[in-house]
Engineer: 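The structure's right below; bear with me while I get my questions together.
Per chain, numbering begins at 1; letters A, B, ... match sequence-line order.
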Amino acid sequence: MSGTSLSCDQGVSETSEKTHTNNWAVLVDTSRFWFNYRHVANVLSMYRSVKRLGIPDSQIILMVADDMACNPRNPRPATVFNNAHQHINVYGEDVEVDYRGYEVTVENFVRLLTGRLAPSTPRSKRLLTDDGSNILIYMTGHGGDGFLKFQDSEEITNVELADAFEQMWQKKRYNEILFIIDTCQAASMYEHFYSPNILAIASSLVGEDSLSHHVDPAIGVYIIDRFTYYALEFLERVTPDSKKTLAQFLQVCPKRVCISTVGVRLDLYKRDPSRVLVTEFFGSVRNVELTTRVLDLPKCGGSRQVAVNKSVNTRSSKATKPLHYASQLPLHHS
Amino acid sequence: MVPISRRMRCCLVWFRVTFRVTRRHCTTCRVCRRKRRVTRHPCLTHGWWGQFTQLGLDTFTHSFTLQYPMGRGKNFTGRNVYAILRASRGSGTEALVVTAPYRPPAALLPGTAPSIALMLAMAKFFSRQVYWAKDIIFLVTEHEQLGAQAWLEAYHSPQPLFPSQPNPASPSLSLLLSGDLEGRAGAIQAGINLEVHSAEVTHLDVKLEGLNGQLPNLDLVNLIHRLCQRENVPHTFKNRADHPRPESMEGWRHQLTTLLSMVTSQASGVPTGNHGLFHRYGVAAVTISGSGREAGGGVGVPIRARSISLQQVGRVLEGVCRSLNNLLEKFHQSFFFYLLPATNRYISIGVYMPPFGLIAGGVLVKALALWYKTSCADDSGKGRHSLLQWAPVVVGTHATCFLLMTCPPTLTRLGLAFDLTPEDSVGLGLTACCVALLLVAVGAAR
């Protein structure tokens, strides 16, 4: 990938040490029943953030274990809210759930990660990553020391998860993974990872419970968890051209607000988190350089260099407005 | 919160007005025209039936017969009215029951007209909500516990395939013929019995004890107390509020009295309300009762300038029903055996059973000591006593007990000759038997 460095142009984004070419997200909610409303709200809020920052639905795998929007107990049918003041309906009209209801099982999850799916599986249910993909894996639900509960009937252990990631590494299915888990005793899930280029964030350490944030009295259940609430507060202020780093994201939930201690695993990740942008995992930000100059593309067989065409006169006398990305989704519904 | 209370107020006013209207004597229906003397009570069941149907609920009546075994053996009939609010988005496999006993004006116990008005208002309010996952059955029973028992029996018994077939579950010798139900909902998860005697109550009393001392799950009791606390409604147990300083000596004595009062009511085996009949079917149920100022407040209940309105009671009920609606399973997490010294404290069976075990252990130790003593004294060669010499005593005791158990109907028939009521003849007859047996025992001892 030859990077043309025309860094003297206006509105040009810096090329940093990015090594990925595409972004994927795997967002998993593992619990069912009405009183686990907050896990569905967690995962749908993450989905909205990730979609807003540019990852298309074709590259998001959303696994939701139960249908809260159409649950008979929902006083606002076809909606899922993550805030008691009900600012945003995170269910919306363009949610694409890939694995729904009882399809969210440990077997399906591991098959999704490793790519060992039946030939008839549709593309929307496949993780079609390559060795240039940065994958954001977000899991939420009920967990314990060394396991995560799926659907109230089975569990995935930390050893299985670590082995699945190793299979992905061996088959060159990822460039880097950001693994976020918001459950009780979440840090136990990343204990056994041994594949390189994985940065793991857990909402609580072994022996601690992750707590919910607040209850909505009109709906009657807790509607968001603490770690995800503060993570979303941070992400709502991130735009596609934001310069916020992962190191800032790791500080998003200090103990005084989260009550549980956020655990981080950095030893498998060789880059410095303070030099990694949040949008490298949460967004699908391309290396795009914006320019007003006309470029001469080389002919086949000619010189391989792209040269600036100095003959065409651009409106360089008048200072043009700085160029920036248009926002793909509005931040808040009014 | 505020929009809900405004709607509730409108519903209550509507029902207070219409309820007064339907108390007039019904002159149109065939049943009332046939009965010349309608002084027992006006045809209210038809009024309620009409109002429930107007709300769009599935309304049914249920008739039951009591074959009274004593005295002349009269047959008493009764009628329950119940309406089922079907959850439009739910699967209809589970149900909740809100019930109130109907008491005619001449009844000995205080009237429950405000409970029925509250129930009708709740039905109207609930029928407009979309968040019900379970069906709600609104039940008005007649003849106190008989109506509730008959309805529950009919609900839980298998229905005959053809209407002309007799109910296979009810034997021909039964006293209470519960009949058949025309309409049912799913499995009952919980029941609330309302006994609000006045439109303005001083406090809400929660009654738990059921038939033979059975208790509902403690979670349901805690739910009601916590909701009352949230709605600032004074709540009591056994008509006694919590002592403000429970760690002091007065507080301890206050709690001890409450505890003993619960023990005595459980020991009597008589349910303190219609809710007591639900426990045998595995349904957690309690009675919420409230009386006006003229009944005198509960012990320790602070006297407030403003009484609790029906709207506040309705808010508590709404909270209870919504919490029960959110449940996925029947109550099974908390205790089924407990003693309550206060509304916010409990003594579980794991705590009160060991002392009882130690008392029984003392008796066992004494028995062992006696056995050891007699076995040692036996060595002097008196010879073994055979057990058979005690057989006449055992057989005689059992025969006497069996006779006493089956004598009440005979005693009442005997009492008819002396023009005594069945209660008096049974009481006098049993006292006479007691005295006779004592004299026999004293005579045999001599």
Engineer: Can you measure from CZ (F33(A)) to CG (N326(B)) and round to the nearest 0.5 angstrom?
Structural biologist: 13.5 Å

Engineer: Show every ring-ring contact (aromatic ring centres under 6.0 Å, His included) that has at least one partner inside residues 88-107 of chain A, sequence neighbours left out.
Structural biologist: none

Engineer: Under 6.0 Å from the CZ atom of R226(B), do we count more than 12 heavy atoms belonging to anything else shown?
Structural biologist: no

Engineer: Mark yes or no for whether R73(A), through its side chain, and G90(B), through its backbone, hold a donor-acceptor pair below 3.5 Å.
Structural biologist: no

Engineer: Count the heavy atoms of every other residue, nucleotide or ligand shown that sit under 6.0 Å from CZ of F179(A), and state whether that count exceeds 12.
Structural biologist: yes

Engineer: Take atom OH in Y346(B); do more than 12 heavy atoms of anything else shown fall under 6.0 Å from it?
Structural biologist: no

Engineer: Answer yes or no: is there a donor N or O on one side and an acceptor on the other, between the side chain of R322(B) and the main chain of G220(A), under 3.5 Å?
Structural biologist: no

Engineer: Are Y131(B) and I219(A) close enough, and set up right, to give a side-chain contact (heavy atoms from CB on, under 4.5 Å), and what steps lead you there?
Structural biologist: CA-CA 9 Å; Y131(B) 45 67; I219(A) 299 179; over 6 Å; no

Engineer: Using every non-hydrogen atom in the two residues, find where P77(A) and R89(B) come nearest and quote the distance to one decimal.
Structural biologist: CG-NH1, 3.6 Å

